[in-house]
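Note sheet for the following structure.
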Amino acid sequence: MHSHRGGHVSADDADFEEIAKWDPGFIEGFYNLIAPVVRSYFRSEVRGLESIPSTGGALVVSNHSGGNLTPDPLILQPAFYRHFGYDRPLYLLAHYGVFYTPLRDYIKRLGAIHASRPNAREVLNSGAVVLVFPGGDYDAYRPTFSQNVIDFEGRVGYVRTAIETGVPIVPTVSIGGQETQLFAARNSWLAKRLGLHRIRMDILPVSFGIPFGMSMVFPANIPLPSKIVFQVLDPIHVTDRFGKDPDVHEVDAHVRSVMQTALDGLARERRFPVLG
C-alpha cells in the first residue's frame, strides 16, 4: 500500500464513498493472515503506541522508507489495531496511483483514501486516526547515505490539517526500511527534464537490489529482511504549544526536530545494517 506524495493534499471535496469503504472485518482477516509474516520477515517492533490518544482524532506523522514496496503500512497498521482494536478506524492518506491498480477495492477496504485535506478533515473530525507520510515518494527513495535524515521536501499540508481540525500531531519514526535495498539517487533533475510532473512524479529514482539489480521504480526488487523498528512519540498539541495562530513552518520545523532526535536515537541503537 504505497503512499507516494502522502503529504501532498488537494482541495477536492471529501470522497465520502471512498471513506465509507473502511471495513474492520476485512482488515482483521487480512492482517491476521499477513501481519505475522511481515512481522517475522522484518523482525519488526512498534514501540510507544500508547502515545496515540485513546479517543478522538489524531494525525500520526511518520517518515517513509523502502521505495516502491514500502513495508511501512503493513507494519504500523496491524500494530495499531492490535493495540486499539478493530473498532477504531485508522485511515492512510495515499497517492492517487494506488487507486489505479487491480487491488484498489481491497486497498480502500484497508482504510486507504486519496491524500486530500478534505478527506483528512472528514475522518479526523469523525474521531478517526489518520496516518500520513508527508515526505511521500521523495522520502521513501532517500539515498542510503542519508537514510537517517528527516526530510519532507518542505511539505507542510499535514500541519494545516492538524490546525484546521484541532487534533494532535503524533510524530512517529522508523529505521531499517531504507536498508531493504541500496538507494542510489532520486534524480529529480531527470524527472523534471522528462516532464514526469504531468503524472505527478517528481523523481526518477535509481536503486539496486535482488533479483533485478538496478531498478528505476520498476521492476521492483524484493526487499531484504532488514530489521525495522517504529517509535511513536508524544503527541504535539499545536495550539497549546504555538498559540491560536501558529506559523505552519515553525510547527513543521519543531515536528521534524523532534522526529530527527528520536531517529538519531534509534540509529545509535543499531549495530549492523540489515541485521539491526
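- With values rounded to the nearest 0.5 angstrom, Met259 atom CE is found 7.0 Å from Thr172 atom OG1.
- Here the side chains of Val123 and Ile113 are in contact, with some heavy-atom distance below 4.5 Å.
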Stepwise side chain to side chain contact (heavy atoms under 4.5 Å, CB included) check, Val60 with Val130: CA-CA 6 Å; Val60 177; Val130 170; over 6 Å; no
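- Put simply, the side chain of Ser226 gets close to the backbone of Gly176: a donor and an acceptor are under 3.5 Å apart.
- Checking side-chain atoms of Gln181 against main-chain N and O of Ile210 turns up no donor-acceptor pair under 3.5 Å.
- Put simply, the side chain of Val170 does not reach to within 4.5 Å of the side chain of Val61, judged on heavy atoms.
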Stepwise side chain to side chain contact (heavy atoms under 4.5 Å, CB included) check, Arg39 with Ile75: CA-CA 7 Å; Arg39 193 161 60 245; Ile75 294 172; over 6 Å; no
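- The closest donor-acceptor contact from the side chain of Gln147 to the backbone of Ser65 lies at 3.5 Å or more, if one exists at all.
- In terms of heavy-atom proximity, Pro71 sits nearest to Gly66 at CD-CA, 4.4 Å.
- Proximity of Leu90 to Tyr81: side-chain heavy atoms (C-beta onward) are separated by under 4.5 Å at one or more points.
- Between Phe145 and Phe183, the distance separating the two ring centers is not shorter than 6.0 angstrom.
- What you find for Gly177 and Thr180 is that their closest heavy atoms are O-OG1, 2.8 Å.
- Tested against Glu179 for a salt bridge (charged side-chain N to carboxylate O under 4.0 Å, His left out), the candidates Lys227, Arg270, Arg142 yield a single pass: Arg270.
- Within 6.0 Å of CG on Asp245 lie no more than 12 heavy atoms contributed by other residues, nucleotides or ligands.
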Stepwise side chain to side chain contact (heavy atoms under 4.5 Å, CB included) test for Phe230 and Leu49: CA-CA 10 Å; Phe230 273 87; Leu49 281 164; over 6 Å; no
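- Between atom OG of residue Ser188 and atom CE of residue Met201 there is a gap of 10.5 Å, rounded to the nearest 0.5 Å.
- Remark: Arg241 CZ is loosely packed, at most 12 non-hydrogen atoms of other residues, nucleotides or ligands lying under 6.0 Å away.
- For Pro235 against Ser51, the heavy-atom pair with the smallest separation is CD-O, 3.3 Å.
- In the hydrophobic cluster analysis, where Ile, Leu, Val, Met, Phe, Trp and Tyr join through side-chain heavy atoms closer than 4.5 angstrom, Ile222 is grouped apart from Leu275.
- Smallest separation of non-hydrogen atoms from Gly213 and Asn221: O-ND2, 3.0 Å.
- Between the CG atom in Asp139 and the CD1 atom in Ile150 there is a gap of 6.5 Å [rounded to 0.5 Å].
- Side-chain N or O atoms of Arg104 include one that pairs as donor or acceptor with a backbone N or O of Thr101 at under 3.5 Å.
- The side-chain tip of Arg109 does not point at the ring of Tyr106 from less than 6.0 angstrom away and within 45° of straight on.
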Worked check of ring pair (Phe, Tyr, Trp, His ring centres under 6.0 Å) between His64 and Tyr138: CA-CA 9 Å; His64 204 15; Tyr138 182 85; over 10 Å; no
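- Remark: side-chain polar atoms of Thr239 are not paired, donor with acceptor, to backbone N or O of Gly243 under 3.5 angstrom.
- Using modelled atom types, one finds a donor on one side chain and an acceptor on the other under 3.5 Å when comparing Tyr158 with Asp252.
- Of the possible donor and acceptor atoms, none in the side chain of Thr70 sits under 3.5 Å from a partner among the backbone N and O of Gly67.
- For the pair Phe133 and Asn63, the minimum side-chain heavy-atom distance is 4.5 Å or more.
- For Leu233 against Val258, the heavy-atom pair with the smallest separation is CD1-CG1, 3.8 Å.
- Linking Ile, Leu, Val, Met, Phe, Trp and Tyr residues whenever their side-chain heavy atoms come within less than 4.5 Å leaves Val274 and Phe272 in two separate clusters.
- How far CG of Leu263 is from CZ of Arg268: 10.0 Å, rounded to the nearest 0.5 Å.
- Residues Asn187 and Pro205 are not in side-chain contact: their nearest non-hydrogen atoms beyond the backbone lie 4.5 Å or more apart.
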Residues Glu269, Arg47; criterion salt bridge (Lys or Arg N to Asp or Glu O under 4.0 Å); working and verdict: CA-CA 14 Å; Glu269 292 180 16; Arg47 308 169 181 170; 3.3 Å; yes
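- Taking every heavy atom of both residues into account, Pro223 and Tyr41 meet most closely at O-OH, 2.6 Å.
- Side chain of Tyr141 to backbone of Gly136: no donor-acceptor contact under 3.5 angstrom is found.
- Phe212 and Leu224 are assigned to two separate hydrophobic clusters, defined by single-linkage of ILVMFWY side chains at heavy-atom distances under 4.5 Å.
- With rounding to the nearest 0.5 angstrom, the CD atom of Glu28 is 10.5 Å from the CG atom of Asp23.
- When hydrophobic clusters are built by joining Ile, Leu, Val, Met, Phe, Trp and Tyr residues whose side-chain heavy atoms come closer than 4.5 Å, directly or via intermediates, Ile52 is grouped together with Val229.
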Stepwise side chain to side chain contact (heavy atoms under 4.5 Å, CB included) test for Phe99 and Glu18: CA-CA 11 Å; Phe99 301 102; Glu18 183 177 272; 4.1 Å; yes
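- In this structure, the side chain of Arg155 engages the main chain of Pro134 through a donor-acceptor pair within 3.5 Å.
- Once rounded to the nearest 0.5 Å, the distance linking CG of Leu76 with CG of Leu92 reads 9.5 Å.
- Under the 4.5 Å side-chain heavy-atom criterion for ILVMFWY residues, no single connected hydrophobic cluster contains both Val173 and Val149.
- In this structure the side chain of Phe30 reaches within 4.5 angstrom of the side chain of Leu74, judged on heavy atoms.
- Residues Asn119 and Tyr91 have side chains not in contact (no heavy-atom distance under 4.5 Å, counting atoms from C-beta outward).
- Residues Leu124 and Thr161 are in side-chain contact: their nearest non-hydrogen atoms beyond the backbone lie under 4.5 Å apart.
- For the ring-ring contact (aromatic ring centres under 6.0 Å, His included) with Phe242, the qualifying choice from His254, His249, His237 is His254, the only one to do so.
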